Every structure is written in C-alpha cells, then in structure tokens.
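First the structure, in the form of structure tokens, and then the observations on it.
From a predicted model like this one, the values you see are computed outputs, not experimental measurements.
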Amino acid sequence: MKLAYLKTFIRVADRGSFSQAARELRYTQSAITIQIQQLEEEFHTQLFDRIGKGVRLTAHGQLLYNHAQSIMAACRQAEYDMEHAPIRDPIHLGTIHSLCNSFVQDVLMTFYRAHPDQSVRITTGSPWQIERMLNSNELDLAYLFDRPLYDVNWIKPVDEEEDLCFIAHRDNPLAEKDRIKLEDLMEENFLLTEKNDNYRFAFEQELAKRGLEIQARLEVPNTDIILRLIEENCGISFLPKYSLRHHKADGTLKILPVEDFHLSMNRQLIYHKKKWLSQPMKDMIRFFQEH
C-alpha cells in the first residue's frame with residue numbers, strides 16, 4: 001500500500017468526486033481511477049459507490065478512511081519530529097592531543113554557543129587508531145594531523161597544511177642564534193611525543209636519512225605537558241607550530257631558526273561518505289572550516 005494512494009483516496013472521499021480530486025492533485029482522472037482500483041484490489045472490497053455524478057464511501061470505504069486519516073496524521077507527526085526533535089546521541093570526534101589542545105577547544109566554544117544541549121564525546125589516540133575507528137563507524141568525525149590521507153570512502157571538508165618547528169625557551173643559547181643547523185640540536189634534551197606519533201616518526205626518519213640520532217629525555221602524548229616543561233627551560237621539542245596558539249605570547253617560547261630542515265603535515269577533518277550528518281554535525285564541520 002502506497003501512502004500516495006491513501007492521500008488520493010482521502011481527497012476523493014472528501015470531495016466526493018474523482019474529477020475534482022484529480023484537478024487538485026494535478027493527476028489525470030484516469031490516474032486517480034487506477035489508484036483507487038488498486039486499493040480496492042489490495043483490500044478485496046469496493047471503497048466507493050459510483051452512482052450518478054458523485055461518489056460516496058461504502059461501509060468498508062468509511063472504515064479505510066478512518067484508518068487512512070490516522071496513518072496520515074502519524075506520518076505528519078513523524079515528519080515534524082524528524083525535523084524538530086533534538087538529536088540526543090553525542091557527536092563522537094576522534095583526534096590527537098596536539099589538535100585537541102589547540103583547534104578543537106576553539107571549535108567547541110563556538111559549537112556550544114550554537115548547540116548548548118548537544119553532547120560531544122572526544123577520543124584521542126594515534127592517527128592509525130583514529131582512522132580504524134572512523135572506518136568501523138565508531139566515530140562520526142576524525143580530526144588528524146598527518147601526511148595527506150586519501151580513501152575513496154572519505155570526505156575531507158578541512159585539509160590545511162601546517163608547519164612543524166623546533167621550540168625552545170628564550171634562555172636556551174640556541175634561541176639567540178639567527179641560523180641553526182640540524183646537527184646543532186643533536187646534544188639537546190628533547191621532549192617529544194610518543195614514537196608512534198606520525199610527526200615524531202617522520203622526524204626520526206629524516207634524522208636517520210642524514211645519519212643522525214637523538215635520545216628523548218621525555219616521551220609523553222600530551223603536547224601541553226611538553227610546552228609547560230619548555231617554559232621551565234627543561235629542554236626543546238619538535239611540534240606542530242599550531243601548538244603555540246594558546247600559550248602566552250610573552251616571548252618565553254621561541255621557534256628555533258633551523259635552516260636546513262623543513263617538515264609540514266596537514267590538518268584534516270574527515271568523515272565517511274556514507275555517514276548520515278545531523279544538523280549539529282554539519283555545524284561542527286562548518287566551525288572547523290572557519291577556524
């Protein structure tokens with residue numbers, strides 16, 4: 001049974017006329033007749049008495065009319081609820097620590113002004129963990145910092161290149177130099193993210209290519225901890241430049257001018273192309289694009 005046929009049936013019953021229902025619904029009269037006939041065949045009964053110029057409901061037709069009105073009312077309520085009812089499920093965002101400590105918190109402040117009742121769940125992990133969770137539908141959105149990532153099943157509304165840099169305290173002797181070679185850093189105390197972090201891995205690959213090696217004084221996944229230690233002049237680090245966005249701009253932290261080394265990666269917001277996006281999800285994506 002098609003809803004369109006029930007709508008036609010109700011209109012014919014209300015107007016008492018096939019021809020008038022056809023005009024209002026912009027069907028041909030023959031199309032109206034076919035739809036009513038198919039309903040009669042489906043219910044194995046006659047729905048209208050066709051006597052004279054008008055039509056009137058039979059007893060079975062009146063019974064179906066009552067049910068049809070209830071069905072259409074339920075459909076209208078469903079349409080309203082789908083459009084207006086709030087989405088209670090939390091938006092699940094997967095990201096890495098450095099992005100969570102910088103861009104994500106900015107987006108969340110904007111997002112909650114627009115959607116104060118919407119729940120958000122954030123999971124942090126390594127890029128490969130986040131990618132796996134995205135592909136298994138454990139995440140709604142993934143926000144990563146990595147080499148450009150491609151998958152035929154992904155959509156990337158954000159894909160922005162960001163530089164990585166060496167960061168030290170202003171009292172570190174290296175901070176006073178105008179030009180630094182990568183080799184000049186090898187004896188420094190490095191405070192680094194974990195080995196499975198993508199930019200840590202890319203950094204060490206480049207060092208190995210040049211026959212260089214460092215020993216990390218500290219390995220920790222949280223970049224905020226690393227920056228706080230650098231503020232106490234406990235070592236230097238190699239981090240995305242955006243990591244400095246929320247640290248006090250008093251000159252305590254300096255970007256070292258290493259002239260013979262450059263590495264960049266991309267901030268990428270990703271969702272699966274088959275993912276249904278609620279309005280809050282669409283708004284969150286837009287806020288990431290604006291930031």
Are the ring centres of F288 and Y143 closer than 6.0 Å?
-> yes
Verify the ring-centre separation between F261 and F238: is it less than 6.0 angstrom?
->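 Yes.
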Taking it one step at a time, do N137 and K275 satisfy side chain to side chain donor-acceptor pair (under 3.5 Å)?
-> CA-CA 8 Å; N137 200 29; K275 185 70 180 179; 3.1 Å; yes
Assess K156 against Y150: is NZ or CZ under 6.0 Å from the centre of the six-membered ring, and within 45 degrees of the ring's axis?
->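 Yes.
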Does R56 make a cation-pi contact with F48 (under 6.0 Å, within 45 degrees of the axis)?
-> no
Run the side chain to side chain donor-acceptor pair (under 3.5 Å) check on N135 and H272 step by step: do they pass?
-> CA-CA 7 Å; N135 285 328; H272 199 284; 4.9 Å; no
No-hydrogen, no-angle side-chain donor-acceptor test under 3.5 Å, Q77 and D81 |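 The answer is yes; a qualifying pair exists.
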Charged N-O contact under 4.0 Å between [X] and [Y]:
X    : Y    : value
E162 : K241 : no
E183 : R210 : no
R50  : E40  : yes
D283 : R286 : yes

Minimum heavy-atom distance E219-R200, with the two atoms named |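 Looking at all heavy atoms of both residues, the closest pair is OE2-NH2, 3.0 Å.
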Could you tell me which residues satisfy side chain to side chain contact (heavy atoms under 4.5 Å, CB included) with R76, sequence neighbours excluded, listed by chain and number?
->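 Partners of R76 by the side chain to side chain contact (heavy atoms under 4.5 Å, CB included) criterion, ordered by chain and then number, come out as M72, A73.
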Within a radius of less than 6.0 Å around CZ of F201, do more than 12 heavy atoms belonging to other residues, nucleotides or ligands occur?
-> no
ring-ring contact (aromatic ring centres under 6.0 Å, His included) filter on Y27, not counting sequence neighbours, yields none
For the pair F111 and F287, name the ring-plane relationship: parallel under 30°, tilted 30 to 60°, perpendicular over 60°.
->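 Correct class here is perpendicular.
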